[in-house]
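Okay, structure first, notes after.
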Amino acid sequence: MTRSMISPRWAALTFVVGLMTFPPVLSRAGAAPLSGDPNRGAGLYETRCGACHSLDANRIGPAHRGVFGRRAGIAPGFTYSPALKASGLTWTAVNLDLWLTAPTKLVKGTSMGFRLGSAQERADVIAYLASPAAARRAGR
């Protein structure tokens, strides 16, 4: 990983708040944490993320089943940008919030440009991705 892939400001913020755990999600540096609703997040995931992602199949973007807590750029069968593969990120609540806020600021050179502008919507989607429903396959 080169220093130019992740801006120093985002890297420092990720490090400092990376010790925080789910369920709170920071909407922005210094703001009060938001609690997400995984039920609301499931619907938002389908409507806002579903065109490019699904839980179980790679599409334009990688599958998200079990993404919470996983290292970025390693989902099987998906071709990631070199920048994301080399980023060293782990998908924590904080990193997912930063990613969904501005992916190209968090990892320069990434392929994803979609942003989820609402802090509450980000918290809800992250709560869904961290929930047991999104972590395990149906019937398991």
Side-chain angles (χ1 to χ4, degrees):
M1 175 175 69
T2 64
R3 291 186 189 273
S4 63
M5 287 185 193
I6 299 176
S7 73
R9 182 174 75 84
W10 285 97
L13 179 62
T14 300
F15 177 77
V16 170
V17 295
L19 301 174
M20 294 182 65
T21 58
F22 183 78
V25 176
L26 290 181
S27 59
R28 54 187 156 51
L34 297 175
S35 292
D37 178 335
N39 294 323
R40 211 171 32 230
L44 286 166
Y45 180 84
E46 288 301 317
T47 60
R48 303 296 303 273
C49 310
C52 296
H53 295 278
S54 87
L55 289 178
D56 296 313
N58 291 325
R59 294 182 178 167
I60 294 169
H64 283 155
R65 174 86 55 204
V67 71
F68 195 83
R70 183 171 67 205
R71 194 166 159 255
I74 65 163
F78 189 78
T79 304
Y80 289 91
S81 67
L84 189 59
K85 284 196 308 191
S87 70
L89 289 174
T90 296
W91 294 126
T92 62
V94 171
N95 283 340
L96 283 166
D97 188 55
L98 293 169
W99 177 256
L100 293 171
T101 300
T104 57
K105 286 185 179 179
L106 182 60
V107 180
K108 292 182 188 329
T110 188
S111 301
M112 183 168 141
F114 176 79
R115 296 175 183 209
L116 195 53
S118 163
Q120 187 61 61
E121 287 185 359
R122 288 192 309 273
D124 293 341
V125 168
I126 292 164
Y128 170 63
L129 291 173
S131 74
R136 66 179 185 282
R137 293 191 184 277
R140 288 190 182 179

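We count residues from 1, following the sequence as given.
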Where do [X] and [Y] come nearest, in terms of heavy atoms and distance?
X      : Y      : value
Ser111 : Ser81  : OG-CB, 3.6 Å
Gly50  : Arg59  : O-NH1, 2.5 Å
Arg71  : Gly88  : NE-CA, 4.4 Å
Leu34  : Ala123 : CB-CB, 4.0 Å
Lys85  : Gly73  : CG-O, 3.7 Å

When rounded to the nearest 0.5 angstrom, what is the spacing between [atom1] in [X] and [atom2] in [Y]?
X      : Y      : atom1 : atom2 : result
Asn39  : Tyr128 : CG    : OH    : 10.0 Å
Ser87  : Trp99  : OG    : CH2   : 7.5 Å
His64  : Asn58  : NE2   : CG    : 9.5 Å
Leu89  : Asn95  : CG    : CG    : 5.0 Å
Ser131 : Tyr45  : OG    : OH    : 11.0 Å
Leu129 : Leu55  : CG    : CG    : 7.0 Å

For the residue pair Phe68 and Ile126, establish whether any side-chain heavy-atom pair is separated by less than 4.5 Å. yes
Hey, does Arg122 have a side-chain heavy atom less than 4.5 Å from the side chain of Leu96? no
Using modelled atom types only, decide if a donor and an acceptor are shared between the side chain of [X] and the backbone of [Y] within a distance under 3.5 Å.
X      : Y     : value
Arg48  : Leu44 : no
Asp124 : Asp37 : yes
Glu46  : Ser54 : no

Establish whether [X] and [Y] are linked, either directly or via other cluster members, by ILVMFWY side-chain heavy-atom contacts under 4.5 Å.
X      : Y      : result
Ile60  : Leu100 : no
Val107 : Phe78  : yes
Ile74  : Met112 : no

Candidate pair Leu98 and Lys105, rule side-chain contact (heavy atoms from CB on, under 4.5 Å), full reasoning: CA-CA 9 Å; Leu98 293 169; Lys105 286 185 179 179; over 6 Å; no
